Amino acid sequence: MGSDCLFCRIVAGEIPATVVRETSTTLAFRDIDPKAPVHVLVVPKEHYVDVATLGQGDPVLAGEVLATAAAVAEDEGLLGDGFRLMFNTGAYGGQEVFHVHAHVLGGAPLGPMLTRSLG
Ligand code: AMP
């Protein structure tokens, strides 16, 4: 995918990010606009648009993203009180960056998953 994709460019080191964990296949870095005291994004280094294409296209890599997210949660001290792992997907899911990423959110009570304002 390369130069058109923001997170591919972060993986390539072309755009700076605060990296908290790296494996041969995944990268975890702090969200630039955190929505919780801890807000880390975990991406596969290989470009997949969303969690649906990743999960169906390479379930092993999807598992590696989950393993990195769990390690980040442990490193950030989130395992005791809990945390939220979230993949926004597509237009209705509110996805803004089309390189699959897990949001690791925690460090405070996060409230209900959704508020019921939907039709
Ligand atoms: P989503 O809405 O699920 O696609 O989430 C995209 C996330 O990427 C948002 O939480 C943004 O704050 C975050 N983001 C956008 N640009 C950057 C960046 N350069 N470095 C880190 N996080 C970013």
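For the numbers below, each heavy atom of this structure counts, side chains included, while hydrogens, waters and symmetry mates do not. All values derive from a computational prediction rather than experimental measurement. All ligand and atom numbering here is 1-based and tracks the order in the structure.
Residue contacts with ligand 1: Met86 is excluded, as none of its non-hydrogen atoms falls under 4.0 Å. Residue contact annotation: Phe87 has no non-hydrogen atom under 4.0 Å from ligand 1. In this structure, Phe29 counts as a contact residue of ligand 1, since one of its heavy atoms falls inside 4.0 Å of the ligand.
Here the heavy atom of the protein found nearest to atom 1 (P) of ligand 1 is His101 NE2, 3.2 Å. Nearest protein heavy-atom neighbour of atom 20 (N) of ligand 1: Ile32 CB, 3.7 Å. What sits closest to atom 9 (C) of ligand 1 on the protein, heavy atoms only, is Asp31 OD2, 3.4 Å. Among protein heavy atoms, the minimum distance from atom 4 (O) of ligand 1 is reached at Glu96 N, 2.6 Å. What sits closest to atom 16 (N) of ligand 1 on the protein, heavy atoms only, is Leu6 CD2, 3.4 Å.
Of the N or O atoms in His39, none lie within a sub-3.5 Å distance of an N or O in ligand 1. By the 3.5 Å distance cut-off applied to N or O atoms, Asn88 is counted among the residues near ligand 1.
Against a heavy-atom cut-off of under 4.0 Å, Arg30 is close to the following atoms of ligand 1: 21 (C). If you number the atoms of ligand 1 from 1 as listed, the ones under 4.0 Å from a heavy atom of Val97 come out as 4 (O), 6 (C). Close approach of ligand 1 to Lys35 is summarised as follows: ligand atoms under 4.0 Å from at least one heavy atom of the residue are 10 (O), 12 (O). Heavy-atom proximity to Phe7, at under 4.0 Å, picks out these atoms of ligand 1: 8 (O). Distances below 4.0 Å separate heavy atoms of Asp33 from the following atoms of ligand 1: 12 (O). Those atoms of ligand 1 with a heavy atom of Gly94 less than 4.0 angstrom away are 2 (O).
The CD1 atom of Ile10 sits 6.0 Å away from atom CD1 of Ile15, with the distance rounded to the nearest 0.5 Å. Note that the NE2 atom of His101 and the CG atom of Leu6 stand 9.5 Å from one another [nearest 0.5 Å].
Between Phe87 and Asp50 there is no side-chain heavy-atom pair separated by less than 4.5 Å. For the pair Val43/Thr26, no side-chain contact is recorded, criterion being any heavy-atom separation below 4.5 Å from C-beta on. Put simply, the side chain of Glu46 does not reach to within 4.5 Å of the side chain of Thr25, judged on heavy atoms. The side-chain heavy atoms of Val104 and Phe83, taken from C-beta on, include a pair separated by under 4.5 Å. Residues Lys45 and Cys8 are not in side-chain contact: their nearest non-hydrogen atoms beyond the backbone lie 4.5 Å or more apart.
With Glu14 contributing its side chain and Arg9 its backbone, the two residues share no donor-acceptor pair below 3.5 Å.
With a heavy-atom cut-off of 4.0 Å, Ile15 does not touch ligand 1 at all.
Nearest approach of Gln95 to Gly90, heavy atoms of both residues: OE1-N, 2.9 Å. Of all heavy-atom pairs between Phe98 and His47, the closest is O-CE1, 3.2 Å.
Each of Asn88, Val40, Leu85 was scored for a side-chain contact (heavy atoms from CB on, under 4.5 Å) with His103, with one residue passing: Asn88.
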